[in-house]
**Student:** 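Encoded as structure tokens, here's the structure I'll be asking about.
Computed from a prediction, not measured in an experiment: that's the story for all the values here. Throughout, a chain's letter reflects where its sequence line sits, starting with A, and its residues are numbered from 1.
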Number of protein chains: 2
Amino acid sequence: MFGHVKIRAMSPTREAALVARWREVLSCYSDLSCALDRDLQERHGIGMSDFEVLDLLMSADGGKVRMQELGERVYLSQSALSRSVARLEKQGLVTRAMCDQDRRALFVQCTGEGRALHTEACPTHRALLERRLGG
Amino acid sequence: MFGHVKIRAMSPTREAALVARWREVLSCYSDLSCALDRDLQERHGIGMSDFEVLDLLMSADGGKVRMQELGERVYLSQSALSRSVARLEKQGLVTRAMCDQDRRALFVQCTGEGRALHTEACPTHRALLERRLGG
DNA sequence: CGACATTTGATGCACGCGCATGTAAGGTCT
DNA sequence: AGACCTTACATGCGCGTGCATCAAATGTCG
């Protein structure tokens, strides 16, 4: 009964508004993600998604965060997150630790280097946000 | 004098607001682009970006649009647009025609099939926008 | 006209992504 | 305990992307 989507006609005005809004999101995302990726990579050697993960880890103050919880907070798919954390670990920015209670689960935690890079890269990140979302 | 970006301190409140706004754009884009890609591909055999190009071609009513103009209106990079149009042509949805005045330039135009597929796929596209941007 | 710069679209390349699937560890029945 | 399902993370694969670069056409200036 409710398992399908009824596709009904839409007022042309409403449709145009939706499309316009979507295109705005689209170009906002594209411009910003592109700029973030380039600047963060050039200046700090880290990609946008990896920084976003690091940022989440830092905002969850303290330390260990379960992968699954991270997955709920980040926009990435499970596989993308897995690879992102693997990259971060390879760079020495986070550590992965087994959970003793549930040996399937994984705790992720910033290292000192991770915290340092976050502190260093944050202004770059925030300045770009300010620039493109500031209005 | 104005060629560099001054990175100055930002109020924590303002910073948090910017980051929150950015994360909203991020998750909005991710969810929607992912859903659009999957549904459009499954139901109509076309990717999100390719549909977006087709959509632009249709809204520019009439016909021939120069690649460069298309590039200004779409969120894609020049190379991505080039490949998108190549895919669309291979599927018979658009035609590419040389410009006689400037033989570097290219005109793109929907075919009948392209118009048909657009008409068919539009409800799918609009319904997803409604769902996720409707509020 | 001739040399050089610019513009337009195409392409090689490396990379990150999502999907499907794999592996291992719980969990839940009887 | 044993059979079966579910959960959590990793990985093979194909694909689309941006960047850098290329080829061709055009523009510019002496």
**Student:** Check whether any side-chain heavy atom of B:Glu130 sits under 4.5 Å from a side-chain heavy atom of A:Arg14, and report yes or no.
**Tutor:** yes
**Student:** Is the phosphate of C:dC19, meaning OP1 or OP2, less than 4.0 Å from a side-chain N or O of A:Arg83?
**Tutor:** no
**Student:** What integer distance in Å separates B:Leu36:CG from C:dG18:C1'?
**Tutor:** 15 Å
**Student:** Roughly how far, to the nearest 0.5 Å, is the CG atom of B:Leu76 from the CG atom of B:Leu70?
**Tutor:** 9.0 Å
**Student:** Please pick, from D:dC9, C:dC17, D:dG18, the nucleotide with the shortest atom-to-atom distance to any side-chain atom of A:Ser82.
**Tutor:** D:dC9
**Student:** Specify the residue among A:Gln78 and A:Arg104 whose closest nucleotide of DNA chain C lies further upstream toward the 5′ end.
**Tutor:** A:Gln78
**Student:** Taking CG from A:Leu40 and C1' from C:dC15, how many angstroms apart are they, rounded to a whole number?
**Tutor:** 16 Å
**Student:** Side chain of A:Arg87 only, please: which of D:dT26, C:dC17, D:dC9 is the nearest?
**Tutor:** C:dC17
**Student:** Does a nitrogen or oxygen in the side chain of A:Arg103 sit under 4.0 Å from OP1 or OP2 of C:dA25?
**Tutor:** yes
**Student:** Parallel under 30°, tilted from 30 to 60°, perpendicular over 60°: which one fits the rings of A:His125 and A:Phe51?
**Tutor:** tilted
**Student:** Check the distance between C:dT8's P and B:Leu70's CG and give it to me in whole angstrom.
**Tutor:** 14 Å
**Student:** Is it the case that B:Tyr75 and B:Ser49 place a side-chain donor and acceptor less than 3.5 Å from each other?
**Tutor:** yes
**Student:** What contact category does B:Asp37 fall into here, base, sugar-phosphate, or nothing, at under 4.0 angstrom with non-hydrogen atoms?
**Tutor:** nothing
**Student:** Out of A:Arg87, A:Gln41, A:His44, which residue meets the side chain to side chain donor-acceptor pair (under 3.5 Å) rule with A:Asp50?
**Tutor:** A:Arg87
**Student:** Quick one: A:Glu69 CD to D:dA8 P, roughly how many Å, whole number?
**Tutor:** 12 Å
**Student:** Looking across every strand, which nucleic acid part, if any, lies under 4.0 Å from B:Leu76 by heavy atom: base, sugar-phosphate, or nothing?
**Tutor:** sugar-phosphate
**Student:** Would you mind reading off the distance between B:Asp31 atom CG and C:dG18 atom C1', rounded to a whole angstrom?
**Tutor:** 13 Å
**Student:** Does a side-chain N or O of A:Arg96 approach OP1 or OP2 of D:dA10 to a distance below 4.0 Å, or not?
**Tutor:** yes
**Student:** To the nearest Å, how far apart are B:Met48 CE and D:dT17 P?
**Tutor:** 8 Å
**Student:** What integer distance in Å separates A:Phe107:CZ from D:dA8:P?
**Tutor:** 12 Å
**Student:** When we call it a touch if two heavy atoms are under 4.0 Å apart, what does A:Ser49 touch: a base, just sugar-phosphate, or nothing?
**Tutor:** sugar-phosphate
**Student:** Is A:Gln101 touching bases, backbone alone, or none of the nucleic acid, heavy atoms closer than 4.0 Å?
**Tutor:** sugar-phosphate
**Student:** What nucleotide, of C:dC19, D:dC19, C:dC17, holds the atom closest to the side chain of B:Ser79?
**Tutor:** D:dC19
**Student:** Has the side chain of A:Ser77 got a donor or acceptor that lies under 3.5 Å from a partner of the other kind on the base of C:dC19?
**Tutor:** no
**Student:** Would you say C:dC19 has OP1 or OP2 under 4.0 Å from some side-chain N or O of B:Arg38?
**Tutor:** yes
**Student:** Calculate the interatomic distance between B:Leu88 atom CG and D:dG16 atom C1'; express it in whole Å.
**Tutor:** 13 Å
**Student:** Name the residue closer to the 5' end of DNA chain D, choosing between A:Leu106 and A:Cys34 according to the nucleotide with the nearest heavy atom.
**Tutor:** A:Leu106
**Student:** For B:Arg73, look at atom CZ and say whether over 12 heavy atoms of other residues, nucleotides or ligands are found less than 6.0 Å away.
**Tutor:** no
**Student:** Among D:dT17, C:dA10, C:dG26, which nucleotide sits nearest the side chain of B:Met67?
**Tutor:** C:dA10
